[in-house]
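Each remark here refers to the structure printed beneath this line.
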Amino acid sequence: MLYYLFTWLDKQYDIPGAGLFQFISFRTGMAVILSLILTTVYGSRLIRILRAKQVGESVRNLGLEGQMQKQGTPTMGGLIILLGILAPTLLLARIDNIYIILMLITTVWMGAIGFVDDYIKVFKKDKEGLAGRFKIMGQVGLALIIGWTMYFHPDIVVREQVILPAKVQAPLDVHKRGEQYYYTQDIKSTITNVPFYKDNEFDYAKVLTVFGDQYEKYSLVVFLLFVIVIVTAVSNGANLTDGIDGLATGTSAIIGITLAILAYVSGNTIFADYLNIMYIPYSGELVIFAGAFVGACVGFLWYNSYPAQVFMGDTGSLAIGGIIAAFAIMIRKELLIPVLCGVFLVENLSVIMQVSYFKYTKKKFGEGRRIFLMSPLHHHYQKKGYHEAKIVTRFWIVGIMLAILTIVTLKLR
């Protein structure tokens with residue numbers, strides 16, 4: 001909203017400084033600052049409200065050191081994160097941008113699913129919360145909205161260099177690189193970036209061509225399936241990672257910074273050309289959303305770092321996972337998620353491995369056996385005697401290493 005106001009003021013009255021709102025970098029910085037202020041200032045007020053309403057965490061005794069001391073700690077603190085994301089985005093981003101609209105829908109959609117889950121746990125005294133099938137239905141529904149919109153919306157295109165005569169009927173743009181001229185087109189495509197590959201690109205439409213060219217018309221189905229898997233996997237991974245103080249929040253902030261960098265280079269013609277990655281028109285606005293997301297995560301750490309004064313609950317963790325997945329899909333870097341979200345991936349795999357091995361050994365030997373002392377993985381290290389703060393710090397370090405590797409993959413082919 002402020003973007004439109006200051007753009008109008010700049011044109012009508014030439015007010016000094018009003019033109020700064022034209023710059024994505026300025027609005028991103030403002031989004032980070034505003035998000036930090038909102039989450040730190042209003043976070044304490046929300047915590048007091050949650051305590052007054054007796055919205056406390058019900059902790060099961062799993063034999064972990066210091067676990068029962070967290071009994072009664074306010075939960076549903078993800079509302080602080082949602083506030084820190086939505087308010088700066090609405091104020092500073094161009095809300096007519098389709099990418100911003102989709103991210104706002106994602107934030108509210110996943111936040112609502114998480115809120116219902118927390119509400120059932122806290123006020124209905126049902127430890128299971130929202131039934132798993134309803135969570136999955138919500139995640140799949142969001143994935144279908146994102147996938148369908150990206151496939152059909154006219155503003156969601158990629159810019160590709162073409163050799164005349166052009167195969168697609170779309171306007172041609174002429175560019176100059178050194179002394180050479182080349183042509184580009186903004187076209188609808190299911191192409192995405194893939195790491196460690198020569199051309200750094202992968203087209204979902206080509207998946208079914210092994211069965212014949214006639215199957216290429218079903219590319220929408222393949223694309224939607226990929227989007228569904230990514231959204232559900234990442235949101236559940238973030239949910240599982242939210243097990244000890246500050247782990248999910250800090251890891252998500254690191255991922256958010258990386259996504260902001262990836263969105264900036266993908267939405268900037270100069271950097272996209274230099275890195276030889278696809279340029280995605282209109283996607284630069286996502287950097288502002290990423291700034292608000294990072295600010296909200298860091299601001300929430302003010303209260304969520306050990307010892308936590310508030311837990312985000314599913315209100316925050318499901319929203320965070322959905323945001324990361326949707327963001328990566330929109331900037332066409334979703335195939336980098338196994339690297340970038342490696343912490344989430346390992347947490348997910350540790351649970352899958354533990355449950356699968358336990359069921360297999362119980363069926364084969366009559367007694368269930370475990371790979372880890374406890375899953376998800378962070379609880380395994382707690383059982384080994386590591387302090388929460390040390391586990392969190394080391395996971396953050398791993399997250400930083402994976403973030404750097406993710407950025408480096410743009411040039412590794």
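Here, residue 1 is the first one in the sequence, and each next residue gets the next number.
Judged purely by atom type and a 3.5 angstrom limit, Gln354 uses its side chain to pair as donor or acceptor with the backbone of Ile371. Looking at Lys124, its side chain never comes within 3.5 Å of a backbone N or O of Tyr119 through a donor-acceptor pair. A donor-acceptor distance shorter than 3.5 angstrom exists from the side chain of Asn236 to the backbone of Thr232, with no hydrogens or angles considered. Between the Trp109 side chain and the Gly138 main chain, a donor and an acceptor come within less than 3.5 Å of each other. Within the 3.5 Å criterion, the main-chain N or O of Asp118 finds no donor-acceptor partner in the side chain of Asp314. The main-chain N or O of Cys297 is never found under 3.5 Å from a side-chain atom of Thr249 such that the two would form a donor-acceptor pair. Side-chain N or O atoms of Glu201 include none that pairs as donor or acceptor with a backbone N or O of Ile191 at under 3.5 Å. With Ser35 contributing its side chain and Gly84 its backbone, the two residues share a donor-acceptor pair below 3.5 Å. Between the Lys206 side chain and the Ser219 main chain, no donor and acceptor come within less than 3.5 Å of each other. Side-chain atoms of Ser356 never come within 3.5 Å of backbone atoms of Met353 as a donor-acceptor pair (strictly under, hydrogens ignored).
To the nearest 0.5 Å, the span separating CE on Met330 from OG1 on Thr149 amounts to 8.0 Å. Atom CG of Asn268 is separated from atom OG of Ser283 by 9.5 Å, given to the nearest 0.5 angstrom. Separating the OG atom in Ser350 from the NE2 atom in His380 is a distance of 9.5 Å, to the nearest 0.5 Å. To the nearest 0.5 angstrom, Ser375 atom OG is 10.5 Å from Asn348 atom CG.
With respect to Ile324, the side chain to side chain contact (heavy atoms under 4.5 Å, CB included) criterion is satisfied by exactly one of Thr106, Leu340, Ile230, Ile255: Ile255. Considering Leu86, Ile320, Thr89 as possible partners of Thr107, the one that fulfils the side chain to side chain contact (heavy atoms under 4.5 Å, CB included) test is Leu86. The ring-ring contact (aromatic ring centres under 6.0 Å, His included) with Phe21 is formed by just one residue from the set Phe26, Tyr3, Tyr4; it is Phe26.
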Derivation of the side-chain contact (heavy atoms from CB on, under 4.5 Å) call for Leu2 and Arg27: CA-CA 10 Å; Leu2 291 179; Arg27 286 185 285 140; over 6 Å; no
Quick one, Leu262 with Thr406, criterion side-chain contact (heavy atoms from CB on, under 4.5 Å). Give me CA distance, side-chain angles, the key distance, then yes/no. CA-CA 9 Å; Leu262 294 175; Thr406 301; 4.2 Å; yes
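Heavy atoms of other residues, nucleotides or ligands lying less than 6.0 angstrom from OH of Tyr360 number 12 at most. Heavy atoms from other residues, nucleotides or ligands lying under 6.0 Å from CZ of Phe23 number 12 at most. More than 12 heavy atoms of other residues, nucleotides or ligands sit less than 6.0 Å from atom CE of Met278. The number of heavy-atom neighbours closer than 6.0 Å to OH of Tyr279, taken from other residues, nucleotides and ligands shown, is above 12.
The aromatic rings of Phe223 and Tyr151 sit tilted, their planes meeting at an angle between 30° and 60°. Between Tyr204 and Phe202, the two ring planes are perpendicular [angle over 60°; tilted spans 30° to 60°].
The heavy-atom pair separating Arg332 from Thr192 by the smallest distance is O-OG1, 3.0 Å. Shortest non-hydrogen contact noted between Asn304 and Ala308 is O-CB, 3.5 Å. Closest of all the heavy-atom pairs between Ala403 and Thr258 is CB-OG1, 3.1 Å. For the residue pair Ile156 and Lys188, the shortest heavy atom distance occurs at O-NZ, 2.8 Å. Contact detail for Val158 and Ser189: the closest heavy-atom pair is CG2-CB, 3.8 Å. In terms of heavy atoms, Thr28 sits closest to Gly291 at CG2-CA, 4.1 Å.
With a 4.5 Å cut-off on side-chain heavy atoms, Phe311 and Asp245 count as touching. At least one side-chain heavy atom of Ser252 sits under 4.5 Å from a side-chain heavy atom of Phe344. Between Val310 and Thr75, every side-chain heavy-atom pair lies at or beyond the 4.5 Å cut-off. Between Phe327 and Leu286, some side-chain heavy-atom pair lies under the 4.5 Å cut-off. Looking at heavy atoms from C-beta onward, Pro376 lies out of side-chain contact with Thr241 at the 4.5 angstrom threshold. Looking at heavy atoms from C-beta onward, Phe115 lies in side-chain contact with Leu79 at the 4.5 angstrom threshold. Residues His378 and Glu388 are not in side-chain contact: their nearest non-hydrogen atoms beyond the backbone lie 4.5 Å or more apart. Within the 4.5 Å cutoff, the side chain of Ile280 has heavy atoms near those of the Tyr99 side chain.
Counted by atom type alone, Ser25 and Tyr264 present zero donor-acceptor pairs between their side chains at under 3.5 Å.
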